[in-house]
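Please read all numbers here as calculations on a predicted model, not as lab measurements. Proteins come first, then strands; the chains are lettered A, B, ... in the order of their sequence lines, and each starts at number 1.
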Amino acid sequence: MNSELKIYNTLNRETSIFKPIHAGLVGMYVCGPTVYSNAHLGNARTYISFDIMFRYFLHLGYKVRYVRNITDAGHLEGDRDEGEDKFAKKAKLEQLEPMEIVQKYSLDFHEVLRQFNTLPPSIEPTATGHIIEQIEMTKKIIANGYAYESNGSIYFDVEKFSKAYNYTALSNRNLDELLNNTRTLDGQDEKKGRLDFALWIKAKPEHIMRWQSPWGEGFPGWHLECSAMSSKYLGNEFDIHGGGMDLVPTHHTNEIAQNIACHHTQPARYWVHTNMLTVNGQKMSKSLGNSFLPAELFSGNHPLLERGYSPMTVRFFMLQAHYRSTLDLSNEALQAAEKGLARLLNACKLASQLKTGNVSSFSVEELKDKVYAALNEDFNTPIALANLFEAVKYVNLVNDGKETLTAADQAALAQFLNQMVKDVLGLKPEQEAGTEKIDGLMKMLISMRAEAKNKKDFATSDFIRDQLKEIGIEIKDGKEGTSFSIL
RNA sequence: GGUACCGUGGCCGAGCGGCUAGGCAAAGCUCUGCAAAAGCUUCUACAACAGUUCGAAUCUGUUCGGUACCUCCA
């Protein structure tokens with residue numbers, strides 16, 4: 001492999017060679033979910049994208065510390081800092097304790113990511129578990145002069161900050177326009193500036209989730225937790241910070257401001273942002289009501305779906321697009337993905353069973369170079385897959401006896417294919433046939449049917465096939481005998 | 001309104017100055033008692049108009065269409 005990994009950095013809008021701060025180590029922080037409702041498919045796309053990066057770093061031999069938080073407090077509804085706490089609101093709605101809400105949707109989130117075969121992060125810290133760190137950080141920011149107290153709440157002074165630093169470096173927005181465009185405040189607002197955001201919020205009497213602080217009882221602002229936890233576990237400066245693109249203008253912008261105001265340094269070298277999943281060309285989001293829940297997709301129980309698709313089909317579907325492009329969800333696209341994935345996985349299996357010859361008419365090294373080159377080009381999974389499909393075709397040709405491979409090349413190809421598909425892309429075969437007992441039964445039925453076929457008793461052989469089909473088992477007559485799959 | 005981004009064959013999607021991915025669908029073929037599955041082959045597109053260039057899907061400009069952000073969202 002002769003190319004180096006390049007990553008697109010939102011900070012300077014350039015793709016550049018990745019150089020870790022400490023050789024051999026990668027520190028990566030990704031903004032996790034706010035666990036007040038079910039994770040939808042758009043959320044899943046983001047975490048699948050970062051899972052690919054995580055897996056690829058591991059594959060390249062890096063030691064990775066992957067931190068992904070759980071937001072279980074402090075995230076408010078609606079207008080910046082005035083809305084209701086999301087957990088409190090949902091808790092009222094579902095008649096549960098806020099922490100029951102947190103537990104319920106954390107479990108859901110983990111279950112969804114497990115189904116998509118994403119690797120768990122190294123550390124998964126929660127906001128409520130780091131209140132002390134957040135209070136400390138707030139104190140420091142106040143001491144450094146970039147935050148002020150107002151009626152028991154602490155706000156970040158964006159205007160003051162922007163005089164010393166470039167507040168909009170990440171979003172590349174015009175600060176003056178932002179100042180003028182932001183919604184007019186009503187008179188009772190506690191903030192000095194329009195863009196100021198809360199670091200610490202004074203709890204109203206009815207607020208359940210509250211903690212003691214030097215400024216009275218309250219709870220932390222949403223942006224603060226990521227700053228506090230990333231610096232705690234990865235240091236004041238680390239390699240990669242990621243999240244969905246929609247976090248750029250507000251959440252990540254504020255996070256950077258907090259870190260600079262506290263530690264005098266920008267937290268991450270590379271800012272990586274994933275693009276949105278769309279449905280009929282529109283962003284999938286909770287507020288638009290066009291969300292797909294993974295469970296709905298798997299079962300097909302959704303008005304826009306004709307039938308269900310497996311988690312691996314969905315994962316493959318997502319990998320066919322680059323993580324920085326929008327991706328549109330549709331029945332046809334999912335069907336295409338389903339078949340493509342089956343072909344790919346079949347070739348993985350076939351590759352290790354190929355008959356070998358004296359010469360190879362295919363260069364495994366060349367394939368490897370192409371696949372690595374693709375992944376090194378900002379994790380370009382669609383191109384990597386395109387190259388893997390060249391190998392799929394070749395595997396099939398060898399299997400048909402139209403091309404040949406030496407034993408060494410066959411082993412190398414089989415290993416590489418499986419490593420890429422399973423370890424790096426995280427695609428695994430669906431649940432294999434079934435239990436031993438089912439396998440035994442099927443073996444018996446298949447041999448009975450073969451016997452009937454030999455006697456040209458096609459009525460019996462077709463009866464077996466049709467009956468099995470009805471209970472959801474499909475029989476396929478191949479060259480190497482008959483196989484079956486459970487639908 | 002402001003600011004970005006995007007418009008690729010029937011569909012999904014890469015590519016981002018020359019060599020014109022890949023998947024699915026379709027057609028033909030192979031295999032087959034039939035079927036299904038599988039495999040092989042074929043199918044040359046880049047919104048429109050103008051410009052730069054020896055050469056543009058790729059660069060520039062204009063127009064049309066779409067999306068996102070500016071308010072919580074991955």
Side-chain angles (χ1 to χ4, degrees), chain A residues 13 30-34 36-37 39-50 75-80 82-84 86 168 171-174 176-178 180-183 222 242-251 273-278 280-288 291 316-317 319-322 324-344 346 350 370 374 377 380-390 392-393 395-397 399-400 402 453 456-458 461-462 465-466 469 474-480 482-485:
Chain A
R13 277 141 225 273
V30 173
C31 290
T34 302
Y36 71 102
S37 66
H40 69 237
L41 217 53
N43 303 312
R45 184 188 181 199
T46 294
Y47 301 116
I48 288 172
S49 297
F50 285 107
H75 202 159
L76 301 184
E77 285 267 334
D79 218 358
R80 282 187 188 247
E82 287 106 52
E84 205 175 346
K86 285 189 168 179
T168 53
S171 66
N172 208 17
R173 284 177 185 280
N174 182 319
D176 293 329
E177 260 161 24
L178 275 183
N180 293 327
N181 277 345
T182 309
R183 200 177 291 179
W222 174 43
M245 256 179 166
D246 46 0
L247 298 181
V248 171
T250 310
H251 183 57
H273 292 100
T274 58
N275 213 136
M276 301 291 112
L277 182 67
T278 62
N280 296 324
Q282 268 205 320
K283 174 182 172 181
M284 181 182 292
S285 79
K286 290 171 189 169
S287 46
L288 279 174
S291 295
F316 177 82
F317 160 74
L319 298 185
Q320 277 189 303
H322 186 85
R324 280 192 289 112
S325 304
T326 56
L327 172 63
D328 201 57
L329 188 77
S330 68
N331 266 303
E332 280 166 310
L334 286 166
Q335 271 165 33
E338 190 173 68
K339 298 218 169 163
L341 174 66
R343 208 156 87 89
L344 182 65
N346 186 252
L350 207 56
K370 281 187 191 163
E377 199 59 41
N380 198 323
T381 52
I383 293 186
L385 277 171
N387 285 309
L388 291 174
F389 271 102
E390 292 296 321
V392 167
K393 188 170 165 182
V395 166
N396 287 326
L397 283 168
N399 190 47
D400 282 359
K402 290 174 184 160
K453 275 172 70 172
K456 306 236 182 267
D457 178 7
F458 298 125
S461 70
D462 288 355
R465 187 174 66 197
D466 295 346
K469 180 107 194 211
E474 193 173 50
I475 292 254
K476 287 176 237 175
D477 293 333
K479 223 180 280 177
E480 316 281 318
T482 301
S483 62
F484 71 97
S485 55

Query raised in the report: Between OH of A/Y47 and OG1 of A/T274, what distance do you get to the nearest 0.5 Å?
Result: 8.5 Å
Report task. From the options B/rC24, B/rU67, B/rG39, select the nucleotide whose nearest atom is closest to the side chain of A/A336. Result -> B/rC24
Query raised in the report: Expressed as a whole number of Å, how far does the P atom of B/rA57 sit from that of B/rA4?
Result: 27 Å
Requested in this report: Give A/N172 one of three labels, base, sugar-phosphate or nothing, depending on what nucleic acid heavy atoms sit under 4.0 Å from its own.
Outcome: nothing
Query raised in the report: Just to confirm, is there a sub-4.0 Å distance from OP1 or OP2 of B/rU41 to any side-chain nitrogen or oxygen of A/K393?
Result: yes
Query - Gap between atoms CG and C1', on A/N331 and B/rA25 respectively (whole Å) - result: 14 Å
Query raised in the report: Does B/rU62 have a Watson-Crick or wobble partner in any strand here, with both distances under 3.5 angstrom, and which is it?
Result: B/rA48
Requested in this report: From the options B/rA37, B/rC69, B/rC34, select the nucleotide whose nearest atom is closest to the side chain of A/P249.
Outcome: B/rC69
Query - Value in whole Å for how far the C1' atom of B/rG23 lies from CD of A/E390 - result: 12 Å
Report summary line: Picking from B/rA74, B/rG13, B/rG33, the nucleotide nearest the side-chain atoms of A/P382 would be B/rG13
**Report entry** Out of B/rG22, B/rA14, B/rG33, whichever nucleotide has its closest atom nearest the side chain of A/H322
**Finding:** B/rA14
Report summary line: 5'-most contact on RNA chain B (nearest-nucleotide basis), A/T326 vs A/I475, goes to A/T326
**Report entry** Side chain of A/R465 (C-beta onward), nearest among B/rC34, B/rC70, B/rC24
**Finding:** B/rC34
Requested in this report: Can you tell me the distance, in whole Å, between the NZ atom of A/K456 and the P atom of B/rC34?
Outcome: 10 Å
Query raised in the report: Taking any strand in view, what nucleotide pairs with B/rU30 in a Watson-Crick or G-U wobble way, both distances under 3.5 Å?
Result: B/rA38
Query raised in the report: Which one is paired to B/rG17, where only Watson-Crick or G-U wobble pairs with both distances under 3.5 angstrom count?
Result: none
Query raised in the report: Roughly how far apart, to the nearest Å, are B/rG23 and B/rU58 at atom C1'?
Result: 23 Å
Requested in this report: Could you give the distance separating B/rG66 and B/rC40 at their P atoms, to the nearest angstrom?
Outcome: 41 Å
Report task. Ignoring the backbone of A/L247, work out which of B/rA74, B/rG13, B/rC40 is nearest its side chain. Result -> B/rA74
Query raised in the report: Considering only side-chain heavy atoms of A/A333, which listed nucleotide, B/rG22, B/rC72, B/rC12, is closest?
Result: B/rC12
Requested in this report: Indicate yes or no: does A/D462 engage A/R465 in a salt bridge with an N to O separation below 4.0 Å.
Outcome: yes
Requested in this report: Give the rounded distance in Å between these two atoms: CZ of A/F316 and P of B/rC12.
Outcome: 16 Å
Requested in this report: For A/G42, answer base if it contacts any base atom (sugar-phosphate contacts may also be present), sugar-phosphate if it contacts only those atoms, and nothing otherwise; contact means non-hydrogen atoms under 4.0 Å.
Outcome: base
Report task. Quote, to the nearest angstrom, the P distance that separates B/rU63 from B/rU71. Result -> 28 Å
Query - Same-atom distance (C1') from B/rA21 to B/rC46, integer angstrom - result: 14 Å
Query raised in the report: Which residue lies toward the 5' end of RNA chain B, A/S330 or A/M245, if each is placed at its nearest nucleotide?
Result: A/S330
Report summary line: From the candidates B/rC11, B/rC70, B/rA68, the one with an atom nearest any side-chain atom of A/T250 is B/rC70
Query raised in the report: Applying a 3.5 Å limit to both distances, which nucleotide forms a Watson-Crick or G-U wobble pair with B/rU53?
Result: none
Query - Pair assignment for B/rC11, Watson-Crick or G-U wobble, requiring both distances under 3.5 Å - result: B/rG23
**Report entry** C1'-based separation of B/rU41 from B/rU52 [nearest Å]
**Finding:** 41 Å
Requested in this report: Examine B/rG22: is either OP1 or OP2 under 4.0 Å from a nitrogen or oxygen in the side chain of A/R343? Give yes or no.
Outcome: no
Query raised in the report: For the base of B/rG33, is there a side-chain donor-acceptor partner from A/D462 under 3.5 Å away?
Result: yes
Requested in this report: Figure out the CD/C1' separation between A/E332 and B/rG13, and round it to whole Å.
Outcome: 13 Å
**Report entry** Rounded interatomic separation in angstrom, taking CG from A/D477 and P from B/rA38
**Finding:** 14 Å
Report task. Using the P atom on both, measure B/rC70 against B/rA37 and round to a whole Å. Result -> 47 Å
**Report entry** From B/rG22, B/rC40, B/rG39, nucleotide with atom closest to A/Q320 side chain
**Finding:** B/rG22
Report task. Just name whichever nucleotide pairs with B/rA4, Watson-Crick or G-U, keeping both distances under 3.5 Å, else none. Result -> B/rU67
**Report entry** Donor-acceptor pair present, A/R173 side chain and B/rC70 base, under 3.5 Å
**Finding:** no
**Report entry** Between B/rC40 (P) and A/F389 (CZ): distance, integer Å
**Finding:** 11 Å
Requested in this report: Can you tell me the distance, in whole Å, between the CG atom of A/L388 and the P atom of B/rG22?
Outcome: 13 Å
Query raised in the report: For the side chain of A/N396, counting heavy atoms from C-beta on, which of B/rG39, B/rU67, B/rG22 is nearest?
Result: B/rG39
Query raised in the report: A/F458 on top of B/rG33's base, within under 5.5 Å and under 30°?
Result: yes
**Report entry** B/rA74 to B/rA38 separation - C1' atoms, rounded to the nearest Å
**Finding:** 39 Å
